[in-house]
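So the structure is just underneath, and the comments pick up after that.
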Amino acid sequence: MITLDDLGKAIEDEIESYVEGLIPKLEKRLSDTAEDILNYMKRNAPRSGYKNAFADSFVATSQGTGMNTSISIYSEGKGGLTHLLEFGYTHRSGKYVGPRPFMRPAYDMFTPKMLEDIKEIISKGN
């Protein structure tokens, strides 16, 4: 005879196996989006024309595992310039240098699709 405890354990095991199957799909989707954002930023960030261009300094770093994975995208070595170029600044000479956004447009372009895909993966399991 099956008890409520057995039924509860069976349901728990099913949910756990379902979630274990989702984690790699979610990690892949997050990784794909981070790669798309990184490529967009490298294509659209201002380029100086010199050997170590600002646009080429961006990297993506993953932290955590499983459901706690997060990916940070930042400029390695030239992070102090990022906010100036993204939002604009006043030069020492007094001339205003307008913003050249490349981070926010990348986020706005790729994140909504990723969130929809994540909702679909969770609800349908594919």
Side-chain angles (χ1 to χ4, degrees):
M1 180 172 176
I2 297 177
T3 65
L4 284 177
D5 289 338
D6 294 337
L7 180 61
K9 180 66 175 151
I11 291 171
E12 181 182 338
D13 291 343
E14 280 298 313
I15 292 172
E16 199 169 295
S17 80
Y18 180 75
V19 169
E20 290 299 321
L22 290 180
I23 290 174
K25 295 173 188 173
L26 295 172
E27 285 178 333
K28 173 138 178 42
R29 187 63 186 106
L30 179 65
S31 175
D32 290 347
T33 301
E35 186 177 324
D36 291 342
I37 290 172
L38 185 62
N39 290 334
Y40 179 93
M41 288 171 55
K42 285 185 175 191
R43 281 192 316 270
N44 294 299
R47 290 195 166 271
S48 62
Y50 295 111
K51 182 179 177 185
N52 295 325
F54 173 71
D56 296 331
S57 70
F58 286 95
V59 295
T61 305
S62 179
Q63 296 97 18
T65 59
M67 297 296 285
N68 296 320
T69 302
S70 65
I71 298 177
S72 300
I73 299 173
Y74 59 94
S75 174
E76 191 173 56
K78 298 185 180 187
L81 298 175
T82 306
H83 68 287
L84 298 173
L85 295 170
E86 183 80 7
F87 301 115
Y89 63 97
T90 302
H91 193 270
R92 281 186 245 166
S93 66
K95 178 183 173 192
Y96 177 71
V97 179
R100 296 177 63 187
F102 57 93
M103 293 180 74
R104 175 52 68 175
Y107 177 83
D108 289 343
M109 183 181 297
F110 296 106
T111 303
K113 173 75 169 114
M114 178 192 68
L115 294 175
E116 289 300 317
D117 290 347
I118 286 174
K119 287 178 188 176
E120 186 174 322
I121 290 170
I122 291 171
S123 65
K124 296 180 182 176
N126 57 3

message = I'd like to know if K9 and D13 make a salt bridge, using a cut-off of under 4.0 Å between side-chain N and carboxylate O.
response = yes
ask   = Under a 4.5 Å side-chain heavy-atom rule over Ile, Leu, Val, Met, Phe, Trp and Tyr, are F54 and V97 clustered together?
value = no
query = Can you name the one residue among M103, M109, R104 that meets side-chain contact (heavy atoms from CB on, under 4.5 Å) with Y107?
reply = R104
ask   = Is there a side-chain contact between D36 and Y40 (heavy atoms, below 4.5 Å)?
value = no
ask   = With the 4.5 Å side-chain cut-off for hydrophobic clustering, are I15 and L7 part of the same group?
value = yes
message = When you group the ILVMFWY residues by side-chain heavy-atom contacts below 4.5 Å and let the links chain together, are F110 and V59 in the same group?
response = no
query = With a 4.5 Å limit on heavy-atom distance, are the side chains of T111 and I37 in contact?
reply = yes
Euclidean distance, I23 CD1 relative to T65 OG1, rounded to 0.5 Å = 8.5 Å
remark   = Residues at least two apart in sequence or cross-chain that pass side-chain contact (heavy atoms from CB on, under 4.5 Å) with L30, listed by chain then number, are T69, I71, M114
Partner residues of K119 under the salt bridge (charged side-chain N to carboxylate O under 4.0 Å, His left out) criterion, sequence neighbours left out = E116
ask   = Between Y74 and T61, is any side-chain donor less than 3.5 angstrom from a side-chain acceptor?
value = yes
Donor-acceptor pair, side chain of N39 and main chain of E35, under 3.5 angstrom = yes
query = Are L22 and L115 linked, directly or through other ILVMFWY residues, by side chains that come within less than 4.5 angstrom of each other?
reply = yes
key: From I118 atom CD1 to K113 atom NZ, the distance as rounded to the nearest 0.5 Å   = 11.0 Å
message = Once side-chain contact (heavy atoms from CB on, under 4.5 Å) is applied, do any residues pair with F87, and if so which ones, sequence neighbours excluded?
response = H83
ask   = Is there a side-chain contact between F102 and T82, using heavy atoms and a 4.5 Å cut-off?
value = yes
ask   = Are the side chain of S17 and the backbone N or O of E14 linked by a donor-acceptor pair below 3.5 Å?
value = yes
